[in-house]
Amino acid sequence: MAQNGLARELPQQTPGATTPVHKTKTVVTPNPSIKTQRVAFSLFEKVLCVGLSLVVFGLAIMLVSTNIATSNAQSQLQTVQTKVTKVQAKNTSATQEISELSSRSRLNKIAKQYGLSLNNGSIRNVYK
């Protein structure tokens with residue numbers, strides 16, 4: 001033998017013998033005398049299958065309801081954001097109108113119209 005079992009000894013062939021190139025396949029036929037029967041499912045296996053089916057069905061329903069709730073929440077969020085944008089635009093418009101109405105040139109114009117004089121010492125500006 002060789003070192004460490006890495007090599008093996010080949011069988012000796014006789015010079016005149018030939019080895020077949022293709023091996024023939026043997027066909028296995030089932031034995032008709034042996035009868036096979038299926039084993040029925042036990043009660044535990046039936047309960048387990050039904051239980052797992054119910055769990056999968058419940059999870060599917062929960063997934064659909066969660067997706068619907070998420071869509072509704074996104075719709076409500078978009079509605080609220082639209083309302084907030086409109087209120088911010090109104091606030092900006094109101095702030096600009098207040099600035100225009102309380103300008104010094106406008107106050108002087110109204111004072112002249114009614115024959116009033118303007119005393120700068122008695123003017124107070126109040127801001128929030």
Side-chain angles (χ1 to χ4, degrees):
M1 285 310 254
Q3 307 161 351
N4 300 327
L6 296 177
R8 59 186 170 105
E9 186 176 332
L10 296 175
Q12 301 262 338
Q13 292 185 355
T14 58
T18 60
T19 58
V21 177
H22 300 289
K23 293 185 178 181
T24 59
K25 293 184 179 180
T26 57
V27 178
V28 179
T29 58
N31 190 353
S33 63
I34 299 174
K35 305 249 179 181
T36 58
Q37 286 185 335
R38 291 187 174 188
V39 178
F41 288 111
S42 68
L43 180 62
F44 174 73
E45 292 171 334
K46 290 178 184 177
V47 169
L48 186 65
C49 286
V50 169
L52 287 175
S53 298
L54 289 175
V55 167
V56 168
F57 184 71
L59 288 174
I61 289 176
M62 191 182 310
L63 179 67
V64 169
S65 67
T66 303
N67 284 340
I68 290 172
T70 303
S71 297
N72 289 340
Q74 285 177 343
S75 173
Q76 290 175 355
L77 176 65
Q78 187 175 5
T79 302
V80 169
Q81 284 177 339
T82 303
K83 288 180 182 178
V84 165
T85 303
K86 287 180 182 179
V87 168
Q88 285 176 343
K90 286 181 183 179
N91 285 346
T92 304
S93 175
T95 304
Q96 184 178 0
E97 187 177 353
I98 289 171
S99 295
E100 288 174 2
L101 292 176
S102 65
S103 69
R104 188 168 294 268
S105 63
R106 183 175 179 275
L107 291 175
N108 286 335
K109 181 179 171 184
I110 293 174
K112 283 183 183 179
Q113 184 180 7
Y114 289 105
L116 301 173
S117 64
L118 184 61
N119 185 359
N120 288 335
S122 64
I123 295 176
R124 293 185 188 168
N125 290 330
V126 179
Y127 298 104
K128 284 188 176 183

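Here the structure is a predicted model, which means the values were calculated and not measured.
- Summarising the geometry, atom CD belonging to Q96 is positioned 8.5 Å from atom OG1 belonging to T92; distances are rounded to the nearest 0.5 Å.
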Determine all donor-acceptor pairs shorter than 3.5 Å in which one atom belongs to a side chain in residues 78-91; sequence neighbours excluded.
unit_1 : atom_1 : unit_2 : atom_2 : d
T79    : OG1    : S75    : O      : 3.0
T82    : OG1    : Q78    : O      : 2.9
T85    : OG1    : Q81    : O      : 2.8

In residues 40-69, what donor-acceptor pairs under 3.5 Å come from side-chain atoms, sequence neighbours left out?
unit_1 : atom_1 : unit_2 : atom_2 : d
S42    : OG     : E45    : N      : 3.3
E45    : OE1    : S42    : N      : 3.1
S53    : OG     : C49    : O      : 2.8
S65    : OG     : I61    : O      : 3.4
S65    : OG     : M62    : O      : 2.9
T66    : OG1    : M62    : O      : 2.7

Would you tabulate the side-chain donor-acceptor contacts of residues 105-115 under 3.5 Å, counting partners in other chains and residues two or more places apart, or write 'none'?
unit_1 : atom_1 : unit_2 : atom_2 : d
R106   : NH1    : L101   : O      : 3.1
N108   : ND2    : R104   : O      : 3.4

